[in-house]
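Written below as structure tokens is the structure these notes are about.
Sequential numbering from 1 along the given sequence is applied to the chain's residues. Atom set for the values below is all heavy atoms of this structure, side chains included, hydrogens, waters and symmetry mates excluded.
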Amino acid sequence: MKVLAILYKGGDAATSEPRLLGTVENQLGIRKWLESQGHEYIVSDSKEGADSDFQKHIVDAEILITTPFHPGYLTADLITKAKNLKLCVTAGVGSDHIDLNAAVKHGIQVLEVSGSNVVSVAEHVMMSILLLVRNFIPAHEMIERGDWMVSDVARNAFDLEGKVVGTIGAGRIGYRVLQRLMPFDCKEHLYYDYAPLPEAAAKAVKARRVEDLKEFVSQCDVITINCPLHEGTLGLVNAELLKHFKKGAWLVNTARGAICDKDAVAAALASGHLNGYAGDVWNVQPAPKDHVWRTAKNVLGGGNGMVPHYSGTTLDAQARYATGTKSIIENYLAGKAQEPQNIIIGLGKYETKACSTRRAATNRAEDESDF
């Protein structure tokens, strides 16, 4: 059996740090295990174009391992060529790089390591909110330049206390963000989701649901996006929706880059309608060098908290999703039932609430049993 893994290249960092399991060099730590059972294991970062290792080996691979951090885009066309493909495993969370409808049609199972990086991402969201609201990056850049002008950074620095903070999506990550906001004494916690939180869960984080998206964004000083990417959320934050944001609002996106219109966000920053945009997800990954989000600024020359896609691939998260990937493959090889929360596409059908209602305006990333 051939197992194909498309991972990101770790270079010298991965050579010196074996805990970087999600890299080409360290191969999720499963090569010896797979080969000891007589399986072929192909690992590469080559994923673009007909001559890539991805497209060359997908034609006869039975298992495909991909990652949200360096996604191999499994299109409907590639699925038709993948005659042996039976199982797709996302080493992490988020399988939007796979054409899920085509996977259903061709009887390909899609699983991910649910929950493996929810804490990692929620912590990154909190960091991003604070660095925007406190105007941290321009302040640090000032120090690096050798300058010292407190007023230049303090004029756009605020407290998180007393602000209205809202999350688009209140699943495993969005809910953990709400939990982590509790000590900051925000004025209000809001959430926008296709279904309400259980009453006890909402009460525990003092969260109020707003059912209309435009009304939701108009009330928030800070908005964080924590929903899956699918047909209903593609381009959700566009020029029209941004018009309804509070002037000077901050926006954080660690979900998927394509949920936001990149040019509309950059224009809102440049005009001053947005005070800041931060996150680690891009509509194309790796992001082109001329991607507008690399250099977008607010009217004061700050407000950019963008980084590479790494929020969910801390060393702690990598240990969890490497272990989870092995467990999924073990279950597949032994014919054992998979853990229900990991199944995106089962045998010919959607298994998750989030993906089975793909055309809703937005979905909670996980179902209510997570609270």
Side-chain angles (χ1 to χ4, degrees), residues 1-7 28 30 34 37 39-114 228-234 256 258 284-285 321 324-360 363 365-367:
M1 181 187 71
K2 177 183 283 189
V3 180
L4 171 63
I6 301 298
L7 306 174
L28 293 168
I30 59 175
L34 283 171
Q37 299 186 55
H39 304 302
E40 182 183 7
Y41 188 36
I42 305 294
V43 181
S44 177
D45 71 324
S46 171
K47 66 187 184 75
E48 304 294 342
D51 293 330
S52 66
D53 289 339
F54 179 40
Q55 293 202 24
K56 287 179 181 177
H57 291 285
I58 194 65
V59 296
D60 61 350
E62 184 169 332
I63 297 176
L64 170 66
I65 303 170
T66 53
T67 169
F69 315 105
H70 184 75
Y73 293 99
L74 187 63
T75 63
D77 180 59
L78 285 178
I79 285 176
T80 63
K81 298 175 182 178
K83 303 300 184 182
N84 293 341
L85 190 60
K86 299 292 189 297
L87 175 66
C88 295
V89 183
T90 298
V93 176
S95 299
D96 49 274
H97 53 283
I98 298 169
D99 189 317
L100 298 178
N101 290 329
V104 170
K105 180 179 178 181
H106 289 268
I108 298 168
Q109 297 181 71
V110 179
L111 288 92
E112 56 188 44
V113 189
S114 182
L229 173 64
H230 51 71
E231 293 97 325
T233 59
L234 178 65
R256 287 296 182 266
V284 177
Q285 294 184 178
Y321 67 66
T325 297
K326 181 179 179 182
S327 176
I328 288 169
I329 296 174
E330 280 180 325
N331 289 339
Y332 172 78
L333 295 175
K336 294 181 179 179
Q338 301 284 356
E339 296 183 38
Q341 70 270 19
N342 290 339
I343 307 173
I344 307 302
I345 304 295
L347 294 173
K349 63 177 182 176
Y350 287 98
E351 295 289 351
T352 67
K353 183 184 296 185
C355 289
S356 62
T357 53
R358 288 164 64 81
R359 297 190 182 276
N363 300 93
E366 309 290 343
D367 65 30

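In this structure, Asp99 has no salt bridge (Lys or Arg N to Asp or Glu O under 4.0 Å) partners at least two apart in sequence or on a different chain.
Atoms CG and CD, from Leu111 and Gln341 in turn, are 10.0 Å apart once rounded to the nearest 0.5 Å. Atom NE2 of His39 and atom CG of Leu333 lie 4.5 Å apart (nearest 0.5 Å). The CG atom of Asn342 sits 9.0 Å away from atom CG of Asn331, with the distance rounded to the nearest 0.5 Å.
For the pair Leu234/Leu229, a side-chain contact is recorded, criterion being any heavy-atom separation below 4.5 Å from C-beta on. Under the 4.5 Å side-chain criterion, counting only non-hydrogen atoms from C-beta, Val104 is not in contact with Leu100. Leu28 has its side chain within reach of Tyr321: a pair of non-hydrogen atoms, C-beta onward, lies under 4.5 Å apart. Side-chain contact check for Cys88 versus Leu64: some heavy-atom pair is nearer than 4.5 Å. Taking 4.5 Å as the limit, some side-chain heavy atom of Arg256 sits within range of a side-chain heavy atom of Pro68.
Contact record, Met1 with Val3: CE-CG2, 3.6 Å, taken as the closest heavy-atom pair.
Remark: of the listed residues Asn101, Leu74, Ile58, Leu74 is the sole one forming a side-chain contact (heavy atoms from CB on, under 4.5 Å) with Ile79.
Residue pairs meeting the salt bridge (Lys or Arg N to Asp or Glu O under 4.0 Å) criterion with at least one member in residues 51-78, sequence neighbours excluded: Lys2-Asp60, Asp77-Lys81.
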